[in-house]
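So the structure is just underneath, and the comments pick up after that.
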Amino acid sequence: MCGIVGYIGRNNAKEILLNGLEKLEYRGYDSAGIALLDHEQVTVIKEKGRIADLRKKVGNEAFGEVGIGHTRWATHGKPSEENAHPHQSASGRFVIVHNGVIENYASLKETYLEGALFKSDTDTEVIVQLIEKFAQEGLETKEAIRKTLRLLHGSYAICVIDKNQPDTLFAAKNKSPLLIGTGTNFNVIASDAMAVLKETSEFIEIADEELVILKRDQIEIETLDGEEVERAPFTATIDASDIEKGTYPHYMLKEIDEQPAVMRRIIQAYQNDTGEISVDQAVLDELLASDRVYIIACGTSSHAGYVGKVLIERLAGIPVEVHISSEFGYNMPLLSENPLFLFITQSGETADSRQVLVKVKEMGYRTLTLTNVPGSTLDREADQAMYLHAGPEIAVASTKAYTAQVAVLSILAVAAGRARGNKAAIQFDLVSELGIAATAMEAMVSSKELVEHIAGEFLATTRNAFFIGRSVDYFVAMEAALKLKEISYIQTEGFASGELKHGTIALIEDETPVFAIITQENINWNIRGNVNEVLARGANACIFAMEGLEQPGDQLVLPHVHELLTPLVSVIPCQLLAYYAALHRDCDVDKPRNLAKSVTVE
Ligand code: F6R
C-alpha cells in the first residue's frame with residue numbers, strides 16, 4: 001500500500017528517495033512521485049505506473065538536499081499523475097506526502113476551504129491546503145500543521161516540506177506507520193524501515209498524534225499539545241540483504257523456497273535450553289486465563305487462523321472462534337466472559353485488524369498479536385506479542401508467513417495444552433514433528449517441475465478453478481484458492497468438498513479444474529466420493545494426497561507428517577501451482593494488479 005520516504009541531509013535526496021520507493025514497490029502501488037527542495041526551490045515530479053517510469057522522468061539533473069517521496073495505492077481518486085503525491089498547497093509553499101484516509105476531508109473542505117483551487121481528487125490535498133490556510137493566517141509552520149492535524153478524522157502518516165524553511169522536514173502520524181531513521185548529518189523518515197535500510201539501521205518510533213521536526217542534525221518530537229517527547233532509538237534487526245531477490249526471478253519463489261529454513265528458525269526460537277517447546281510465560285498466562293480465544297485476521301492470516309483453531313482446541317482444549325477483522329469490528333458477536341483476542345498479521349499494520357484491536361482494548365479485553373514484524377503497530381499496541389521469525393516477506397502473495405503462522409500457532413497450542421495438563425499436548429513431540437515437517441517441506445519445494453507441469457496442464461487457459469478439501473484440508477483449499485486468484489486472476493473458490501453438491505456443483509462443466517487436497521485418513525474416501533461427483537460432471541480433477549492415503553492416478557503425493565501439521569506441507573504445491581499458473585498466463589507474480597502488501601486502510 002502507500003509508502004513514504006523523506007530525507008534531509010547533505011547528499012542529493014533524489015537517489016535516496018528513488019531507492020527507497022523501489023524498496024517499497026512490493027507493497028503495491030499505482031503511481032509515485034518525489035519532491036526535492038533546493039534552497040527554497042521545489043521540484044515535484046510524479047508519474048503513473050512503475051518507479052522505473054518515475055526514475056526516467058526524474059532524469060539526472062534533479063537536485064535537492066531535502067526531499068519527500070511517495071508510492072500511492074489509490075483510495076480517493078483514480079490512479080493518475082494529478083492524484084499522485086506529493087501534493088502542493090495553492091501557493092506552492094507547502095508540499096506533502098500522505099498515507100492513510102482522511103474520513104472528514106469533504107466536510108473540512110466545505111468548512112475551511114471554500115473557493116480554494118484543488119488540483120486533485122485526493123483527501124490529501126485538503127491537508128496541505130489547510131496547513132497553508134493556517135500559515136497564511138499567521139501561524140508558524142509547526143503550529144499550522146498541529147492545528148490541521150487536530151481537525152483530521154481518520155488515519156495519516158505525513159511528511160511535509162515548507163519552502164520557507166529549507167532546513168526542516170515535518171512529519172506526523174496517526175494509525176498509519178511512520179518511523180524516523182537517524183544518521184550522521186542526515187535524518188530520514190519512512191513508512192517502512194526497509195525503505196531506508198541502505199542509509200541506516202538506527203530508528204526512532206513515532207507514536208500516534210506526535211509531530212516530528214527534523215533537521216539534518218536534530219530531531220524534535222512533540223505531542224499535538226506541544227509537549228516534548230524523549231524516545232531512545234532502536235536498531236533494526238533486518239539485514240538489507242534479506243530484502244534482495246538474489247538469483248531468484250521472483251520474491252515469491254524465493255519465499256516459497258525459504259519455508260523449510262523458516263521452520264527450523266522457529267523451532268530454535270521457541271525451544272528452551274533442554275530442547276523443549278517454550279513460550280513466554282506472560283503470553284501463556286494470557287491464554288490460560290481465557291475461556292475463549294477470538295482469532296482476528298484477514299486473508300491468508302485468517303486461513304492460518306482456522307488451522308490455529310483446530311490446533312488450540314485439540315491440543316489446549318480452549319474454544320476458539322475465527323473472525324475476519326473487517327466484519328468483526330462492526331458486527332461483534334456475543335463475547336465470552338474472559339476472552340483473549342489473538343491478532344494474526346504478517347505485517348502488523350493491517351488497518352482492518354487494528355480497528356478491532358483498538359475497540360477491544362477500549363472494552364478492556366486482553367490482546368495478543370502474532371506478527372512477522374517486531375515494532376509494527378499491532379505488535380506495539382497489543383498486550384503481548386509472538387513473532388513469526390519468517391524474515392521480511394516481500395511478494396504480495398503471502399507464503400512463508402502462512403506456514404510460519406501455522407507453526408507458531410502449533411507451538412502456542414502445545415505449550416498451553418501442556419500447561420493445562422492436556423494429554424494430547426503432553427504426548428505430542430512437537431520439536432521432532434516440526435523437524436519432520438521441515439524435511440517434508442523441503443521435498444515439496446523441490447517438486448517444482450511436477451507442479452509446473454500440472455499448472456500448464458490444468459490452469460494455462462482455464463476461466464475458473466476449484467480447490468476442495470475437508471477439515472484442515474478445507475482451510476488449505478481456501479488458502480490455495482486465494483493464492484491462485486490473486487496472482488493468476490483465475491476465478492477460484494476454495495470449498496468444503498461436502499458442500500459442493502449443495503449448490504456450487506452447478507458451476508462444474510467440461511474441463512473445470514478441481515484440485516482435491518487429502519491429508520486426513522478419516523475423510524479420505526469422503527473427498528474421493530466428492531471428486532467422483534465432479535468427474536461425473538466433466539471436471540478435470542487433480543488430487544494431492546498424503547503418503548499412505550494415495551491412490552493410483554493421484555497427481556502428487558505429499559510426504560507423511562503429523563496429521564495436525566499437514567497444512568505446512570500441503571500448502572506448498574498449492575503456492576507453487578499459483579506461481580506457475582501466473583507465469584503461464586504472463587502475470588506479474590510479485591506485483592499482482594490492484595493489490596497491496598500491507599493494507600493500511602480499512
Ligand atoms: C494474500 C495476502 C493477504 C494478507 C492480508 C492480511 O496472499 O497476503 O490476504 O494475508 O492482507 O495481511 P496481514 O497478515 O499483514 O495482516
Side-chain angles (χ1 to χ4, degrees), residues 1-2 26-28 73 175-177 191-192 194 250-253 255-256 259 295-308 322-329 341-357 367-379 381-382 385-388 390-406 408-409 467 475-476 478-490 492 494 571-572 574-579 581-582 587-602:
M1 201 144 269
C2 305
Y26 77 100
R27 296 168 67 115
W73 189 82
K175 299 190 214 165
S176 286
S191 52
D192 185 329
M194 284 193 210
H250 298 100
Y251 281 108
M252 183 178 177
L253 195 62
E255 288 161 8
I256 289 174
Q259 292 177 103
I295 290 182
I296 310 291
C298 312
T300 289
S301 295
S302 72
H303 298 156
Y306 287 111
V307 180
V322 183
H323 292 272
I324 292 168
S325 315
S326 53
E327 281 298 307
F328 187 90
F341 285 86
L342 168 51
F343 295 86
I344 306 181
T345 166
Q346 188 283 129
S347 62
E349 301 295 350
T350 302
D352 285 323
S353 298
R354 189 187 182 242
Q355 56 87 14
V356 180
L357 178 76
T367 54
L368 163 64
T369 290
L370 179 54
T371 183
N372 199 28
V373 185
S376 58
T377 305
L378 274 102
D379 172 27
E381 295 183 354
M386 283 180 88
Y387 300 124
L388 297 178
E393 192 180 62
I394 310 284
V396 165
S398 185
T399 53
K400 61 177 178 171
Y402 171 85
T403 43
Q405 285 162 348
V406 170
V408 177
L409 285 164
F467 285 87
F475 304 142
V476 174
M478 293 200 288
E479 173 56 11
L482 178 60
K483 227 63 329 162
L484 184 62
K485 72 178 87 158
E486 72 180 316
I487 62 167
S488 75
Y489 318 139
I490 298 169
T492 319
V571 78
I572 293 179
C574 302
Q575 296 166 344
L576 286 170
L577 200 59
Y579 176 77
C587 301
D588 188 344
V589 172
D590 281 340
K591 294 182 215 107
R593 71 182 179 211
N594 304 340
L595 289 179
K597 181 66 184 164
S598 176
V599 186
T600 47
V601 293
E602 273 189 52

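First listed ligand is number 1; within each ligand, the first listed atom is number 1.
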How far is [atom] from the closest protein heavy atom, and which atom is that?
atom                    : value
atom 2 (C) of ligand 1  : Thr300 OG1, 3.7 Å
atom 6 (C) of ligand 1  : Cys298 O, 3.4 Å
atom 13 (P) of ligand 1 : Thr350 OG1, 3.2 Å
atom 11 (O) of ligand 1 : Val599 CG2, 4.0 Å
atom 7 (O) of ligand 1  : Glu486 OE2, 2.5 Å

Can you check which of Gly299, Ser347, Ala578 brings a heavy atom nearest to atom 15 (O) of ligand 1? Ser347
Under 3.5 Å, N or O to N or O, is Lys483 touching ligand 1 that way? yes
Check whether any N or O atom of Ser353, backbone or side chain, sits under 3.5 Å from an N or O atom of ligand 1, and answer yes or no.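 N/O-N/O distance below 3.5 Å does not exist for this pair.
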Looking at Asp590 and Tyr251, would you say the former's side chain and the latter's main chain have a donor-acceptor pair under 3.5 Å? yes
Under 3.5 Å, is there a donor-acceptor pair between the side chain of Tyr489 and the main chain of Arg593?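 Looks like yes, one N/O pair under 3.5 Å.
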So Tyr306 and Phe475, would you call those rings parallel, tilted or perpendicular, with 30° and 60° as cut-offs?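 Rings of Tyr306 and Phe475: parallel, as their planes differ by under 30°.
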Would you mind listing which atoms of ligand 1 come within a distance below 4.0 Å of any non-hydrogen atom of [X]?
X      : value
Thr345 : 13 (P), 14 (O), 15 (O), 16 (O)
Val396 : 7 (O), 8 (O)
Ser398 : 7 (O), 8 (O)
Ala397 : 7 (O)

Do any heavy atoms of His303 fall under 4.0 Å from ligand 1? no
Contact between Asp352 and ligand 1, counting heavy atoms under 4.0 Å?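 No.
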Minimum heavy-atom separation for Ile344 to Ser301, with atom names?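 It is O-CB, 3.3 Å.
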Do you know which of His303, Gln346, Glu393, Lys483 makes side-chain hydrogen bond (donor to acceptor under 3.5 Å, both in side chains) with Ser398? Glu393
In the structure I gave you, are the side-chain heavy atoms of Ile487 and Pro592 within less than 4.5 Å of one another anywhere? yes
Between Tyr387 and Asp379, is any pair of side-chain heavy atoms under 4.5 Å apart? yes
Can you tell me how far apart CD1 (Ile296) and OG1 (Thr367) are? Round to the nearest 0.5 Å.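 One finds 11.0 Å between CD1 of Ile296 and OG1 of Thr367.
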Is it true that the side chains of Gln259 and Thr403 contain a donor and an acceptor less than 3.5 Å apart? yes
